[in-house]
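Step one of this worksheet: look at the structure below.
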Amino acid sequence: MTAKTDAAKTTSEPTVSAGAAAPAELHGPVITWFQAHARDLPWRRPEAGPWGVMVSEFMLQQTPVNRVLPVYEQWLARWPRPADLAAEPPGEAVRAWGRLGYPRRALRLHAAASAIQERHRGEVPTDHARLLALPGIGEYTAAAVASFAYGQRHAVLDTNVRRVFARAVTGVQYPPNATTAAERTLARALLPEDEPTAARWAAATMELGALVCTARTPDCGRCPIARSCAWLLAGSPAHEGPPRRGQTYAGTDRQVRGKLLAVLREAIEPVPQAVLDRVWDEPVQRARALDGLVADGLVEPLAGGRYRLPLT
């Protein structure tokens, strides 16, 4: 199939483009590039250990590296082991999460740490199935921890990797909005056979998507597989699927939730309703945002119209 397919197939059924390079032809150039250009990130260092890798994977979901770095370092300094985090109330995880966004990830990471302490004697499990059984961990995170922390052979499909595969192999500009079964099949087919190389490939393709094969301005002149990229060979066809719109933030419930949480993170004692009312002028949206925080377990209501971060 050529790169120019109908829109439905472009958005839901990634297919290897005619003339695409064989997997073995991609492995060497991408891994060699990674060895020369990989960023020195703290979760990639040996001293990070499996727990450091897991923390980074929770924090990096939908959040850029430059925002994660300071929070990650503070987090590991305070909670260097899962047991250290599990020993504190979940509200402390929310407090330390700061402004990383999507704070339910902090609750999920706390729940995972508690489960690791209870079920695995405080050690992050090595087995993919046991990782997947931890609360708050889905297919991507389980595969990423097994691969990056333990050097195992798993298809690790984040947005960056999916974009590299869409262009280099499928011949389209962007992957589907949500990961499809076809993408998972393709990712498994592209995996090197031996575990160490497969783990390196997973990290290398992720870095390639983050630094070179970016969403808006890919730097194809720096790409180690540009000569065999199906999308480039097809003439860089424009995206044929639904328009890809960026997420808005200003004026949304997400912004109001963030402002409410910021007050509660700074407070030592429970916060009266009147203090929270000053955060946002529009009362209906403010109440909806606060109710949502309570429903998500991020805020705990108390008697007398007071609120705090959760203790249990």
**Request:** Group every Ile, Leu, Val, Met, Phe, Trp and Tyr by side-chain heavy-atom contacts under 4.5 Å, then state whether Leu302 and Leu261 land in the same group.
**Result:** no
**Val161 side chain reached by Val156 side chain, heavy atoms, under 4.5 Å** = no
**Message:** Are Leu157 and Val212 connected into the same hydrophobic cluster when the rule is that any two of I, L, V, M, F, W, Y join if their side-chain heavy atoms are below 4.5 Å apart?
**Reply:** yes
**Message:** If you compare all heavy atoms of Ala198 against all heavy atoms of Leu191, which two are closest, and at what distance to 0.1 Å?
**Reply:** CB-CD2, 4.0 Å
**Item:** Arg163 (side chain) donor-acceptor with Gly209 (main chain) under 3.5 angstrom
**Value:** yes
**Request:** Could you tell me the separation between the CG atom of Asp84 and the CD atom of Gln117, rounded to the nearest 0.5 Å?
**Result:** 9.0 Å
**Derivation of the side-chain contact (heavy atoms from CB on, under 4.5 Å) call for Leu276 and Val263** = CA-CA 7 Å; Leu276 295 178; Val263 173; 4.0 Å; yes
**Request:** Give the cluster check for Leu208 versus Leu186: same hydrophobic cluster or not, with ILVMFWY residues linked at side-chain heavy-atom distances below 4.5 Å.
**Result:** yes
**Message:** Rounded to the nearest 0.5 Å, what separates atom CD in Gln35 from atom CZ in Arg200?
**Reply:** 5.5 Å
**Asked** Between Arg45 and Asp40, is the closest basic N to carboxylate O distance under 4.0 Å?
**Response** yes
**Request:** Indicate the atoms forming the closest heavy-atom contact of Pro270 with Pro272, along with that distance.
**Result:** O-CD, 3.7 Å
**Message:** Between Gln255 (side chain only) and Gly251 (backbone N and O only), is there a donor and an acceptor less than 3.5 Å apart?
**Reply:** yes
**Prompt:** Side-chain contact, heavy-atom cut-off 4.5 Å: Thr180 with Glu183?
**Reply:** yes
**Prompt:** Is any side-chain heavy atom of Ile137 closer than 4.5 Å to a side-chain heavy atom of Arg108?
**Reply:** no
**Request:** Run the numbers on Trp231 and Gln173 for side chain to side chain donor-acceptor pair (under 3.5 Å), then give the verdict.
**Result:** CA-CA 7 Å; Trp231 183 58; Gln173 186 177 17; 5.3 Å; no
**Close side-chain approach of Thr126 and Gln152, heavy atoms under 4.5 Å** = yes
**Item:** Arg119 atom CZ, over 12 foreign heavy atoms within 6.0 Å
**Value:** yes
**Message:** If I take atom CG from residue Leu311 and atom CD from residue Glu88, how far apart are they, to the nearest 0.5 angstrom?
**Reply:** 11.0 Å
**Asked** Can Tyr140 and Glu57 be counted as having a side-chain donor-acceptor contact under 3.5 angstrom?
**Response** yes
**Message:** Would the distance check show the side chain of Thr32 and the main-chain N or O of Gly28 forming a donor-acceptor pair, the cut-off being under 3.5 Å?
**Reply:** yes
**Request:** Hey, can you tell me if Tyr72 and Trp43 have their rings parallel, tilted or perpendicular (30° and 60° cut-offs)?
**Result:** perpendicular
**Message:** With rounding to the nearest 0.5 angstrom, report the OG to CE distance, Ser147 to Met206.
**Reply:** 8.0 Å
**Request:** Report the relative orientation of the aromatic rings in Trp75 and Trp97; use parallel for angles under 30°, tilted for 30 to 60°, perpendicular for over 60°.
**Result:** perpendicular
**Shared hydrophobic cluster for Trp33 and Trp201 (ILVMFWY, side-chain gaps under 4.5 Å)** = yes
**Prompt:** Does some side-chain heavy atom of Val124 sit less than 4.5 Å from a side-chain heavy atom of Leu131?
**Reply:** yes
**Asked** So, do Trp51 and Trp79 have ring centers that fall under 6.0 Å from each other?
**Response** no
**Asked** Ion pair present between Glu269 and Arg306, side-chain N to carboxylate O less than 4.0 angstrom?
**Response** no
**Request:** Given side-chain contact (heavy atoms from CB on, under 4.5 Å), test Val55 with Leu85 step by step and report yes or no.
**Result:** CA-CA 11 Å; Val55 170; Leu85 177 58; over 6 Å; no
**Complete:** Here the pair of heavy atoms bringing Leu134 nearest to Ala112 is CD2-O, 4.4 Å
**Prompt:** If you count the non-hydrogen atoms of other residues, nucleotides and ligands that lie under 6.0 Å from CD in Gln285, is the total more than 12?
**Reply:** yes
**Request:** Find out whether Thr63 and Arg105 are in side-chain contact, i.e. whether some heavy atom of one side chain is under 4.5 Å from a heavy atom of the other.
**Result:** yes
**Request:** Using atom types as modelled and distance alone, determine if a side-chain donor or acceptor of His27 lies under 3.5 Å from a backbone N or O of Leu190.
**Result:** yes
**Asked** With side chains defined as the heavy atoms from C-beta onward, is the minimum distance between Arg95 and Leu264 less than 4.5 Å?
**Response** no
**Asked** Take atom CZ in Arg121; do more than 12 heavy atoms of anything else shown fall under 6.0 Å from it?
**Response** no
**Item:** Heavy atoms from other residues, nucleotides or ligands near CD of Glu266 exceed 12 (cutoff 6.0 Å)
**Value:** no
**Asked** Atom CG in Leu211, atom SG in Cys223: separation rounded to 0.5 Å?
**Response** 11.5 Å
**Message:** Can a donor-acceptor pair be found, under 3.5 Å and without considering hydrogens, that links the side chain of Glu195 to the backbone of His154?
**Reply:** no
**Asked** Any side-chain heavy atom of Leu260 within less than 4.5 Å of one from Tyr307?
**Response** no
**Thr214 side chain to Ala210 backbone, donor-acceptor under 3.5 Å** = no
**Message:** Using a 6.0 Å cut-off, check whether atom CZ of Arg130 has over 12 heavy atoms from anything other than its own residue.
**Reply:** no
**Pairing of Glu207 and Arg44 as salt bridge, 4.0 angstrom limit** = yes
**Request:** Ignoring hydrogens and angles, state whether a donor on the side chain of Thr141 or Gln61 is under 3.5 Å from an acceptor on the partner side chain.
**Result:** yes
**Message:** Let me check something: do Leu107 and Phe58 share a hydrophobic cluster, defined by ILVMFWY side-chain heavy atoms less than 4.5 Å apart, either directly or through other members?
**Reply:** no
**Message:** If you compare all heavy atoms of Pro310 against all heavy atoms of Val299, which two are closest, and at what distance to 0.1 Å?
**Reply:** CD-N, 4.2 Å
**Prompt:** Charged N to carboxylate O under 4.0 angstrom, Arg288 versus Asp253?
**Reply:** yes
**Request:** Can you measure from NE2 (His120) to CG (Asp127) and round to the nearest 0.5 angstrom?
**Result:** 9.0 Å
**Item:** Short side-chain to backbone donor-acceptor contact, Ser228 and Ile225, under 3.5 Å
**Value:** yes
**Request:** Run the salt-bridge test on Glu92 and Arg78 with the 4.0 Å N-O cut-off and return the result as yes or no.
**Result:** yes
**Request:** Test the Arg254-Tyr102 pair against the cation-pi criterion, namely NZ or CZ under 6.0 angstrom from the six-membered ring centroid and within 45° of the ring axis.
**Result:** yes
**Thr205 (side chain) donor-acceptor with Ala202 (main chain) under 3.5 angstrom** = yes
**Prompt:** Would a distance-only check, ignoring hydrogens and angles, find a side-chain to backbone donor-acceptor pair under 3.5 Å from Glu123 to Pro125?
**Reply:** no
**Request:** Write down the atom of Pro82, the atom of Ala113, and the distance for their closest heavy-atom approach.
**Result:** O-CB, 3.6 Å
**Asked** Within a radius of less than 6.0 Å around CG of Asp194, do more than 12 heavy atoms belonging to other residues, nucleotides or ligands occur?
**Response** yes
**Message:** Run Leu132 and His128 through side-chain contact (heavy atoms from CB on, under 4.5 Å) and show every step you take.
**Reply:** CA-CA 6 Å; Leu132 196 56; His128 179 270; 4.3 Å; yes
**Message:** When you measure from the side chain of Ser56 to the backbone of Val53, do you find a donor-acceptor pair of N or O atoms at a distance under 3.5 Å?
**Reply:** yes
**Request:** Answer yes when Arg257 and Asp296 have at least one side-chain N-carboxylate O distance shorter than 4.0 Å, and no when they do not.
**Result:** yes
**Message:** As a quick check of understanding, evaluate side-chain contact (heavy atoms from CB on, under 4.5 Å) for Arg167 and Tyr174, giving each step before the final call.
**Reply:** CA-CA 7 Å; Arg167 290 173 179 168; Tyr174 297 118; 3.5 Å; yes
**Nearest atoms (heavy-atom pairs only) where Ala96 meets Val71** = O-CG1, 3.6 Å
